[in-house]
Every structure is written in C-alpha cells, then in structure tokens.
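Note sheet for the following structure.
Worth knowing before you read on, the calculation uses all heavy atoms, side chains too, and leaves out hydrogens, waters and symmetry mates.
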Amino acid sequence: MSNSRCWLALGLFSLCAAPAMAQSFRVQCPSSTITHPDPNNTGVNNSEPPYTGPTQLTPGPFGYPVPSSNVNGAIKCQQISGGDGYATMGDGTQTFMFSFGPLSGLADIANGLPGTQFPNVFNSVYPGTFVPGDPATTLAPPAGPIAVPIGFTYNGAVGLSPHLDAIASGTCAAPCLDGHVDPRQIMDVGVMNGNIPAPLMAFDEDDEFFLTLTNVGMIMRPDLFEQHTVHFHGYPNASAFYDGVPDASVAINIGASFTYYYLAPDAGTYFWHCHITPPEHLQMGMVGQLYVRPRQNRVTGALYTSLQTQQTDLRTACRRPGDGASPAVTTVTDILCSNPVPAVNTAVAGTAGTTTYAYNDGDGLSAYDVEYPLQIHGFDPNFHFVGMTFNPEAFADMKDKYFLLNGRSYPDTVMPGPQEALTSDGLKHFSQPMNSIINIPVGKRALLRISDLDVSEYQTLASVGIRMHVIGYNAKLLRDQAGNNTDYYANSITMGGGESLDVILDASDTVRYPAGSVFYLYTPQLDHLSNDAENFGGLMTEVHIN
C-alpha cells in the first residue's frame, strides 16, 4: 500500500516497510558467478549438467568455499512487472486486477510455459520495437482464437539494450549488456499487462535464480503509490533480505527495479505472491506458481545410489541410521527432510533427460511423463470493483464469486492458447496465458502441481474415473523419517489457501483408459461451479487421453 495507507490489514500484516530507494529500471542476469564460475566465457551456465555427485568445494582466496570441480546446476533468470490489468471471467466480465506481468520469456509464457531462461536467452536484445500490448498486439487477430503455439519467439528481457555511452567512451565493447534498459519498452509492454496466474517460474536444484521485479505503477489507480514485493511461499530461502516480507527486507517503489537472488536447494511445488497487504494483493490477483525440478532428472544409473551420494551435500542431506551413506549416523537430526532415502533399495534405474520425477525419491515413486501446474484462486467481483473505483475495501465482507483454475473458469479452462482481456487502454493483452486441459498420452502418467492461493475459501477438486495418487504436500515428498512411503490414493483433495499438493493421474492401463477417453477434474462444491451469477463454470476442467 502507499505510505499514507500503512496499517494493519485484518490485524495481521504490518506494512510500514523500508522501500527500495533506487528509482530506476535495471535488470540483472550474470553469465558467471562465484557459485557457478565461467572464467573463460564458455557458456557452461547455459545448460544443466548431469548430476554425478555433490558440488566439490574448496576454501577460496577470501576464506569462503568456492567450487573446485563437478559444479552442478546453472544460472536462470526472469523479469516481471508489478502493476495492474484486466482478466476475462467465464461470463465475459472484464475484471480489474492488481497483478504481475511478464517482462521476459514472453513467447514461452504466452504458450503456457515457464518464463525462466538461461543467461544466453535472457541476455538477448529484441530485434524490433515493442508496442503497447505486445505480444498480443502484434499477434492477435481482430477476432477468433489465437494460434497455438503462437508465432512469436522472443524470450529475452524486455528493454534490455546496449549501454551506448559506455560503448562510445570505449569503456565497454559492444553489445555492452550491463543491465542497462530502455524504460520506454518496459512501460509499453508492462503497463496494463497483468497476468493471472502471475508469470510461471521453474528452475532446477543447484541453480542460481535471478528474478528482477520492476514496478511500473497502477494506471487505473494513480492515487496509489503501491509498493510490491515477491515472496516465495514456503521456500527454504537462506536470506530474509530476499524473502519479500517487506518489514524484514525491502519493498519496491514505482519506477524502481530490484533483483531477488535465490539458490535452489530443495525440489518441490511452491508458489509466490506479493507480500504488501497480502489479503488485498492476493485477492486482487498478485499470485503465481513456482516449482523446482529435482536432481534426479539429471541422473543416470540407479536412483537409490544417486540419492545416497547427495547425502554428503549439507544443504540437502537427509540422513537416518542405516541409510548406507558415510559417515554413518545414529540419530535423525532434521525432521524437515524433503526426500528421505527409501526404506528399501528397489534398484530402479533412471535415464537423464528422458525420465522425469517430482522429487528425489530414489525408487521412482514420483515418476511422470507430462506435468501441469494448476493454480486454484477466486475473485470477489465487488472487491475488485471497489479496488478500481477509489472506494473503501470491505475486507470482512470478501466473498469469492468467480472460481478459477489457472485464472480461468470453465469452459474457458479448456480453451486452447492464451486468453485475452480488453483493457482500459483500448488494447488486448494476454491476461490469462495458461489453460487447464490435462492431456495424458496413452499409457502414461501426468503430474498435477496443484497450489491453492485462494484468500477466502477452502477448495475441493475431485477426479472422476482416474484416482489421484498424492505423493507430495507443501513441497515435501510424502515419506516418513524411516524411509517408508506415506503417499495415498484419493478421489478428491481439499486445500486451504497457502497449500500445495503433488498429484499423479496414472493412465498407464490402456484398457481402462483408451485413446479418446475424456474425464473431468472438478469441484463437488456446487456453489463453486459457477461464473458469478451463471449456472455453469467455476472450478472444472477436462482430462483427455490422447
């Protein structure tokens, strides 16, 4: 909220935060760091290396450990805007949002993919000139559906430009990309370009992740000098400075950028949101999805053995007596382990790059073939209306009427391609890029990364015809400290705001699930199967076997 509106929202959240003082747009994506060195500029951080064991560290010249060999992971980057926008509800209503939008990975995000990029992609200059509403302005026809995949390929950082003064003075050689940006391009693309869900993020264990938030302001509410932050909910962040809770870190003013820095120590399904007046900013749409892929995806050979090797990495060691790792332990010291070694060595083999897993399970428990992030959310149209029209917001009366899967209500959840909204600037924007169709190849398994970011409601999802195999909860593999699986099967799951679940739909039985079969994933809460006053819509999507 603005400084004049610094108060205790619902008596829970103190917002008198120290703002980030630099009033300029910048972006940061190094191609080499202390943790991921590339002294010869070979581009080693532009791809994920196979995992053969923990990163080897030795004391560096300044006394802290630096990698000496077998460096795991890479560098990933993303840029987002904080501002406002509109979303199209299932009954056609254009709903105002406070929202995050993409300022990098535009092509991938419009195709429903994560916008997270390697440095060589992120640090590339757009070959043309952006115009307001891009990429929707350039690609969207006057009427009709958007072609999928869209005919737009740029995934670099919006506004990234050569530092012409430094080139002219001879202090930097072309292209001289040092984080210098063209603010005109950022404003042209970022203003009124809010997404619901916010831009999807995904990276791998051992990565370094640089996330730049640029606050472009709220055009529909010029009276508000809203600050924004990014909080990775439930994420094992080593530094409070980058945690996004404003009274413990920083808040980003309009006209400023700030780059968050994260290491990726634990695989799992997380989510992220703005931590300025959370009940308001979450309800208004400032929520997004995030997941971290496990090292096990990059392992060749026996999964159990590879899981043992990472027990010597102190960031992710998850020890128990008799696990076979050295040195042996006699007590369990960490009850928060995300991936305990399985109780039985099943000798399951993995092939790097072909078999994917939700966690470092060691026994193939979390193996899947295709994955689909599903964000559950709800909008109270009255709250959104007063948020746009300078009226006081009645927090106590907040009541959702639109129920959303990836920002859409049925039947829009199964509409292919990015969904558009017509905003007050007269332009169309890709406001809801992700549909919720679950396409499972014949004989395969789908991982659903489900997160609930609803502010006022509990939500239930039921799967008719294909049982839900629940393998993870709140970014933790369901396994006890003795290594015994605690996963379970269910026909429905119920979640509150701030929870995530990893669910596998197993369609490997081709007799029961032949090609062409269609099932439904929906809520049995009948009042949540609606688009405001309409009789149909809400939390429902389709599962296709194809």
Exercise. Between Thr494 and Thr460, is any side-chain donor less than 3.5 angstrom from a side-chain acceptor?
Worked result: yes

Exercise. Just by modelled atom types, is the Ala347 backbone N or O under 3.5 Å from a matching donor or acceptor in the Asn345 side chain?
Worked result: yes

Problem set entry | Exam field: side chain Asn474 to backbone Ser500, donor-acceptor pair closer than 3.5 Å | yes

For this session: Please report the shortest heavy-atom distance between Ser81 and Leu213, naming the atom on each side.
Result: C-CD1, 4.1 Å

For this session: Please work out whether the ring planes of Tyr489 and His469 are parallel, tilted or perpendicular, with thresholds of 30° and 60°.
Result: parallel

Exercise. So how far is it from Phe271 CZ to His231 NE2, rounded to the nearest 0.5 Å?
Worked result: 8.5 Å

Problem set entry | Closest approach of Gln28 to Phe210 (non-hydrogen atoms, all atoms of both residues) | O-CB, 3.7 Å

Exercise. Is it the case that Thr541 and Ser436 place a side-chain donor and acceptor less than 3.5 Å from each other?
Worked result: no

Exercise. Are any of the side-chain heavy atoms of Tyr520 and Met540 separated by less than 4.5 Å?
Worked result: yes

Exercise. Are Phe258 and Tyr260 an aromatic pair by the rule of ring centers under 6.0 Å?
Worked result: yes

Seminar exercise, completed: d(Gln296 CD, Tyr304 OH) to nearest 0.5 Å is 13.0 Å

Exercise. What heavy-atom pair brings Pro433 and Asn195 nearest, and what distance separates the two atoms?
Worked result: CG-OD1, 3.7 Å

Problem set entry | salt_bridge(Arg512, Asp506) N-O dist < 4.0 Å | no

For this session: Would you please indicate yes or no on a ring centroid separation below 6.0 angstrom for His281 and His273?
Result: no

For this session: State, without any angle test, whether Asn439 and Asn546 hold a side-chain donor-acceptor pair at a distance under 3.5 Å.
Result: yes

Exercise. How many angstroms lie between atom OG of Ser68 and atom CG of Leu57, to the nearest 0.5 angstrom?
Worked result: 6.5 Å

Exercise. In Å and rounded to the nearest 0.5 Å, what is the CD to SG distance from Glu208 to Cys29?
Worked result: 10.5 Å

Exercise. What distance separates Leu448 CG from Ile493 CD1, expressed to the nearest 0.5 Å?
Worked result: 9.0 Å

Exercise. How far apart are the C-alpha atoms of Ser31 and Asp38, what are their side-chain angles, what is the distance that settles it, and do they pass the side chain to side chain donor-acceptor pair (under 3.5 Å) test?
Worked result: CA-CA 7 Å; Ser31 58; Asp38 187 11; 5.6 Å; no

Seminar exercise, completed: Looking only at heavy atoms, the pair that brings Pro114 and Met201 closest together is CB-C, 4.3 Å

Problem set entry | Atom pair CD1/CG of Ile438 and Leu521 - distance to nearest 0.5 Å | 6.5 Å

Problem set entry | Gly53 to Asn72 - nearest heavy-atom pair and separation | O-ND2, 2.7 Å

Problem set entry | Residues Glu371 and Arg445 bridged, charged N to O under 4.0 Å | no

Exercise. Should the ring pair Phe232 and Tyr235 be called parallel, tilted or perpendicular, given that the plane angle runs from 0 to 90° and is split at 30 and 60?
Worked result: perpendicular

Exercise. Which of parallel (below 30°), tilted (30 to 60°) and perpendicular (above 60°) describes Phe62 and Tyr64?
Worked result: parallel

Problem set entry | Electrostatic pair Asp502-Lys476, nearest N-O below 4.0 angstrom | no

Problem set entry | Residue pair Glu48 / Ala74: nearest heavy atoms and the distance that separates them | OE2-CB, 3.8 Å

Exercise. Are a donor atom and an acceptor atom from the side chains of Asp361 and Ser366 found within less than 3.5 Å of each other?
Worked result: yes

Exercise. Between the side chain of Asn485 and the main-chain N/O of Asp487, is any donor-acceptor distance below 3.5 Å?
Worked result: no

Problem set entry | Pi-cation contact, Tyr291 with Arg449 (under 6.0 Å, within 45°) | yes

Exercise. Can you tell me if Asp452 and Gln459 form a side-chain donor-acceptor pair at under 3.5 Å?
Worked result: no

Exercise. Any donor and acceptor pair, going by atom type alone, linking the side chain of Ser104 with main-chain N or O of Gln79 inside 3.5 Å?
Worked result: yes

For this session: Determine, step by step, whether Phe241 and Tyr261 satisfy the ring-ring contact (aromatic ring centres under 6.0 Å, His included) criterion, reporting the C-alpha distance in whole Å, the side-chain angles of both residues, the deciding distance to 0.1 Å, and the verdict.
Result: CA-CA 9 Å; Phe241 186 70; Tyr261 171 79; over 10 Å; no

Exercise. Can you check whether Pro441 reaches Val370 side chain to side chain, under 4.5 Å on heavy atoms?
Worked result: yes

For this session: Answer whether the closest heavy-atom distance between the side chains of Glu205 and Asp207 falls below 4.5 Å.
Result: no

